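Working notes, beginning with the structure itself.
Here is how names work: the chains are called A, B, and so on, in the same order as the sequence lines, proteins then strands, and each is numbered from 1. Because the structure is a prediction, the values reported are computed rather than measured.
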Number of protein chains: 2
Amino acid sequence: MIKCIRCKHVHAITKSGIVRGKQRYFCKDCNIYFTLPDETTVDMKHKKHMTTIVDIAKALNVSKSTVSRALHEHEDINPHTRAAVLKMARQLDYQPNLLAKSLVRSKSNTIGIIVPEFLTYFFPTIIMGAQQVAAEAGYNVIICQSQESYKTEVANANVLLANRVDGVLISMTRETKKFDHFKAFEKHGIPVVFFNRVCDEMDTSKVLVNDYEGALKAVEHLIKNGYRNIAHIGGPPALLITHNRLRGYKDALAKYKLPFKKELVVHCNLSKKDAIACAEQLLNLKQPPDAVFCVNDPVAIQLMLLAKKRKIKIPAELGIVGFSNEPSGEVIEPALTTVQQPVADIGRSAAGILLEAIAKGEAYVPEKKSLKTTLIVRESSIK
Amino acid sequence: MIKCIRCKHVHAITKSGIVRGKQRYFCKDCNIYFTLPDETTVDMKHKKHMTTIVDIAKALNVSKSTVSRALHEHEDINPHTRAAVLKMARQLDYQPNLLAKSLVRSKSNTIGIIVPEFLTYFFPTIIMGAQQVAAEAGYNVIICQSQESYKTEVANANVLLANRVDGVLISMTRETKKFDHFKAFEKHGIPVVFFNRVCDEMDTSKVLVNDYEGALKAVEHLIKNGYRNIAHIGGPPALLITHNRLRGYKDALAKYKLPFKKELVVHCNLSKKDAIACAEQLLNLKQPPDAVFCVNDPVAIQLMLLAKKRKIKIPAELGIVGFSNEPSGEVIEPALTTVQQPVADIGRSAAGILLEAIAKGEAYVPEKKSLKTTLIVRESSIK
DNA sequence: ATGCCTACCGGAATCGTTTGCGGTAGATTC
DNA sequence: GAATCTACCGCAAACGATTCCGGTAGGCAT
């Protein structure tokens, strides 16, 4: 018969429905409902248990507060107990549970990064830089790829929010036009730093390279080397870099009183295929350029490949300058002159600013940082 | 005068030392110690509060259990209350606190990745692949760079342990000879999958590319193209890939009854400097090789650069094959023949296996996966 | 002996969830 | 009409830390 779990009697037991698959009983004496403990499931308590501070506390017969204090060089602790705790912690190889710590401190020591993609060397390098700085400060990094899609970018933001990151580094999608998902961070006091693809509508810190200046230097270099009919293969119009580099190109021409011819400017969506198309378009001109400033190195390389195929002599008949200094530019012949961006520095700067913002909290005032570019002169641009 | 916080009287109060900078009192009547509440610190409770389930619960006048259940399509919930909860959650724009969830579930939905470096395109691409499948399964990724240092690798492992990751993806340092930091994962039931630089001493899943087969194909290709005195620049002896590629090299020679000459095999630590040194060593031989199979593309490129400097004709006088198909190999002249590895697939496979291991728990049996390579024939190896 | 001090230690609340199980109202059954 | 059922809901205990503050033992002065 069924015994009441309290009075241990059997006389006043009645059934009382089935809950969650198990028969429930009611003891009229004790006025209590109960179900029988599950006999089937054997003690599967053999889960790999990680040692906690209570384990240490028990082993030493002290309270967990004491253990916690010992582990954090709190003043209210006897050096002897402290030593004992430290020793025991090592013995049981204790690993603090950062999740619990984050929960109670409401600080996760984690920063989030949202980048549009991860394929080129560009973003990985930035992330590496950021990760280095973060790691030194004891921060972890959660990385999200938005895949150039607004929708996943919003999802990414929510993931980071849900993980209670202490700050976020963002390079936007090229299709992002609404910014509520970014503003959500601000609303909760989570600092945000944009890099590269920045958001003008938000009053946060921003890190980018001085594209304008880089482009100016590049084109100026071509002019100084005797090129006069200089073309430009630009990037997609939606991107800020496109405008800035184009502006640098124009201003360099203006500075040396060279005419701006709009047939010498074409826009490329940065795919390999389109790069070749743009190159062809320029080389097919009745009056083809004697030099081209390209929006980035891959485009420059496609142009160079095409020119070589057509037996156009580089740099004698065609000077080429790229942008971004990718490894390939170094080994191609002739070696590609390019504008180097301090890629890892972008990540480092952004992370540094972010950590500062996290530390200062409310008191922090956003800053804009513009990183310098340097022209790397190789063979492709020296007549 | 000082009033007792309980009896509100002043007659039985005596001082009782100073704790944490504040005067403490003792009421002999109530037998109670107390300090005066701090008047100075004004209510700074205006911290940005994120809405929690109790906020929702209060707003709806239900218990937090009900809210939790409503949010998780639990069966014990009335569709109406569920709808109300969902609506209110949206109104207050509730973001679940994953830290708290992880704590109680003892499952963080996070996987860790330890890679030796982050500079080449190789590891970023793997990570991207892994990150993709992880994200699809709702997992976050924490990335650590060991910087090819055993010490930081151990530190990385501890970080991941402390963050209670559910699983780990590892590509070892080349100097790692002790594996306790890896075994710690096993001890706590955290599955580990090695990729690329695997650890033979551990009985876990491993993902790598079929280096042996790739090397075999590469050298066979050289032989078929008429090269007879084929050298090999290998990697550091500590790495498995070094052995496998060397084995492929040897077996290819044997297959075609070509003699193995040990002076034609040199080992390179993969740095640029050492690559040049190795290349020089081979080219300086009394009887220099007529072809070289290199452990990877960067090494092959350094060799090619040196050979070109010495006016050695490639591929006529020297055939070269690399390994890993890096972008630079495509633009160098002559274009580099290489063995392509499915890089992103490594990450995807490893992450897939890891997720499976996490899901199956104890029941999981480790597997070894070997990914196929493909030989990409370009110009540097066709006489 | 009586205050008051210092130097520690422990109890308990808290962070935001999940979850086992007890409780209850109203319907249904015998 | 009593026993039993269904369909919910709420209480409270975890999870593993941190931290506020009360408690206590022993020392020193008066």
Side-chain angles (χ1 to χ4, degrees), chain A residues 5 13-20 22-26 28 30-38 49-57 61-72 74-82 94-108 162 164, chain B residues 5 14-20 22-26 28 30-38 49-57 61-72 74-82 94-107 162 164:
Chain A
I5 54 170
I13 302 296
T14 110
K15 286 190 183 175
S16 174
I18 295 176
V19 273
R20 286 163 288 265
K22 274 157 63 179
Q23 180 60 253
R24 187 168 55 165
Y25 302 94
F26 180 64
K28 281 189 283 188
C30 308
N31 217 278
I32 198 178
Y33 293 84
F34 60 90
T35 53
L36 266 8
D38 233 338
H49 173 71
M50 298 201 70
T51 89
T52 70
I53 54 169
V54 296
D55 294 326
I56 301 177
N61 217 350
V62 296
S63 78
K64 57 179 179 176
S65 337
T66 304
V67 175
S68 176
R69 272 189 281 257
L71 259 19
H72 291 84
H74 192 280
E75 50 172 5
D76 275 8
I77 195 82
N78 187 311
H80 290 99
T81 32
R82 181 174 140 75
Y94 167 73
Q95 286 287 344
N97 186 327
L98 261 33
L99 294 170
K101 177 173 179 169
S102 299
L103 182 59
V104 59
R105 302 278 303 272
S106 26
K107 179 152 191 328
S108 60
R164 299 295 189 269
Chain B
I5 55 169
T14 110
K15 286 189 184 176
S16 173
I18 294 176
V19 274
R20 287 163 285 265
K22 274 159 62 180
Q23 180 61 252
R24 188 169 55 165
Y25 302 95
F26 180 64
K28 282 189 281 187
C30 307
N31 217 277
I32 198 179
Y33 293 83
F34 61 90
T35 52
L36 265 9
D38 233 339
H49 172 71
M50 296 199 72
T51 88
T52 70
I53 53 170
V54 297
D55 295 327
I56 301 177
N61 218 350
V62 296
S63 78
K64 57 181 177 175
S65 340
T66 303
V67 175
S68 174
R69 274 190 276 258
L71 259 19
H72 291 84
H74 192 280
E75 50 173 2
D76 274 9
I77 197 83
N78 187 311
H80 290 99
T81 33
R82 180 174 141 75
Y94 167 72
Q95 285 288 344
N97 187 328
L98 260 34
L99 294 170
K101 177 173 179 167
S102 300
L103 183 59
V104 57
R105 301 279 303 270
S106 23
K107 178 151 193 327
R164 299 295 189 271

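Contact annotation for B:Y94: backbone-only contact, meaning every heavy-atom pair under 4.0 Å involves sugar-phosphate atoms and none involves a base. A:N78 comes within 4.0 angstrom of sugar-phosphate atoms only, judged by non-hydrogen atoms across all strands, and of no base. Backbone-only contact: B:V62 has heavy atoms under 4.0 Å from sugar-phosphate atoms and none from a base. Counting non-hydrogen atoms under 4.0 angstrom, B:I77 reaches the backbone sugars and phosphates but no base. Within the nucleic acid shown, A:T35 comes within 4.0 Å of sugar-phosphate atoms alone, with no base atom in reach, counting heavy atoms only. B:I32 comes within 4.0 angstrom of the backbone, heavy atoms only, and of no base.
Ranking C:dT6, C:dT17, D:dG16 by closeness to the A:T52 side chain, first place goes to D:dG16. Considering only the side chain of A:I18, D:dT6 comes nearest among D:dT6, C:dT19, D:dT18. When each of C:dC4, C:dC8, D:dC11 is scored by its nearest atom to the side-chain atoms of A:P79, the top-ranked nucleotide is C:dC8. Minimum atom distance to the side chain of A:R69 is reached by C:dG11, of the listed C:dG11, D:dA17, D:dG23.
The nearest heavy atom of DNA chain C to A:A100 and to A:F34 marks one nucleotide each, and the one closer to the 5' end goes with A:A100. Toward the 5′ end of DNA chain C lies the nearest nucleotide of A:E75, the other residue of the pair B:T51 and A:E75 mapping further downstream. Each of A:V19 and B:L103 was matched to the nucleotide of DNA chain D holding its nearest heavy atom; the match closer to the 5' end belongs to A:V19. Residues A:V104 and B:R24 both approach DNA chain D. Their nearest nucleotides, taken by heavy-atom distance, put A:V104 toward the 5′ side.
In this structure, A:Y25 and A:K15 have side chains that are in contact, with non-hydrogen atoms separated by less than 4.5 Å.
For D:dC9, one of the phosphate oxygens OP1 or OP2 lies less than 4.0 angstrom from a side-chain nitrogen or oxygen of B:T81. Distances shorter than 4.0 Å separate some side-chain N or O of A:K28 from OP1 or OP2 on D:dA3. Remark: A:H72 is in phosphate contact with D:dT18, judged by side-chain N or O atoms under 4.0 Å from OP1 or OP2. An OP1 or OP2 oxygen of D:dT4 is reached within less than 4.0 angstrom by no side-chain nitrogen or oxygen of A:Q23. Between C:dG10 and A:T66, a contact under 4.0 Å exists linking OP1 or OP2 to a side-chain N or O. Contact check, B:Y33 against C:dG11: no side-chain N or O comes under 4.0 Å of OP1 or OP2. Within the structure, every side-chain polar atom (N or O) of B:S65 is placed at least 4.0 Å from both OP1 and OP2 of D:dG10. Applying the 4.0 Å criterion to OP1 and OP2 of C:dT18, one finds that B:S68 has a side-chain N or O inside that range.
The distance from atom OH of A:Y25 to atom P of D:dA3 is 16 Å, rounded to the nearest whole Å. Put simply, NZ on B:K107 is 19 Å from C1' on D:dA14, counting in whole angstrom units. In this structure, CD1 of B:I56 is placed 12 Å from C1' of C:dT17, rounded to the nearest angstrom. A straight line from NZ of A:K64 to P of C:dC8 spans 23 Å, rounded to a whole angstrom. Straight-line distance from the CD1 atom of A:I53 to the C1' atom of D:dT18: 8 Å, rounded to whole Å. Rounded to a whole Å, the CZ atom of A:R82 is 12 Å from the P atom of C:dC9. Remark: C1' of D:dC15 and CG of A:D55 are 13 Å apart, rounded to the nearest angstrom. Atom NZ in B:K101 sits about 13 Å away from atom C1' in C:dT19, given to the nearest Å.
Of the possible polar contacts, none joining the A:H72 side chain to the A:H74 backbone as a donor-acceptor pair under 3.5 Å is found. Using a distance-only test at 3.5 Å, with no hydrogens or angles considered, no donor-acceptor pair links the side chain of B:R24 to the main chain of B:G17. Of the possible donor and acceptor atoms, one in the side chain of A:R82 sits under 3.5 Å from a partner among the backbone N and O of A:A70.
Counting only N and O atoms by type, the side chains of B:N78 and B:H80 include a donor and acceptor under 3.5 Å apart. In summary, the side chains of B:S65 and B:S68 do not present any donor paired with an acceptor at a separation below 3.5 Å, with no hydrogens or angles considered.
For C:dT17, its base never sits under 3.5 Å from the side chain of A:R164 at any donor and acceptor pair. The base of C:dG3 does not come close enough to the side chain of B:S16 for any donor and acceptor atom to sit less than 3.5 Å apart.
Rounding to the nearest 0.5 angstrom, the gap separating the CD1 atom in B:I53 from the OG1 atom in B:T66 is 10.0 Å.
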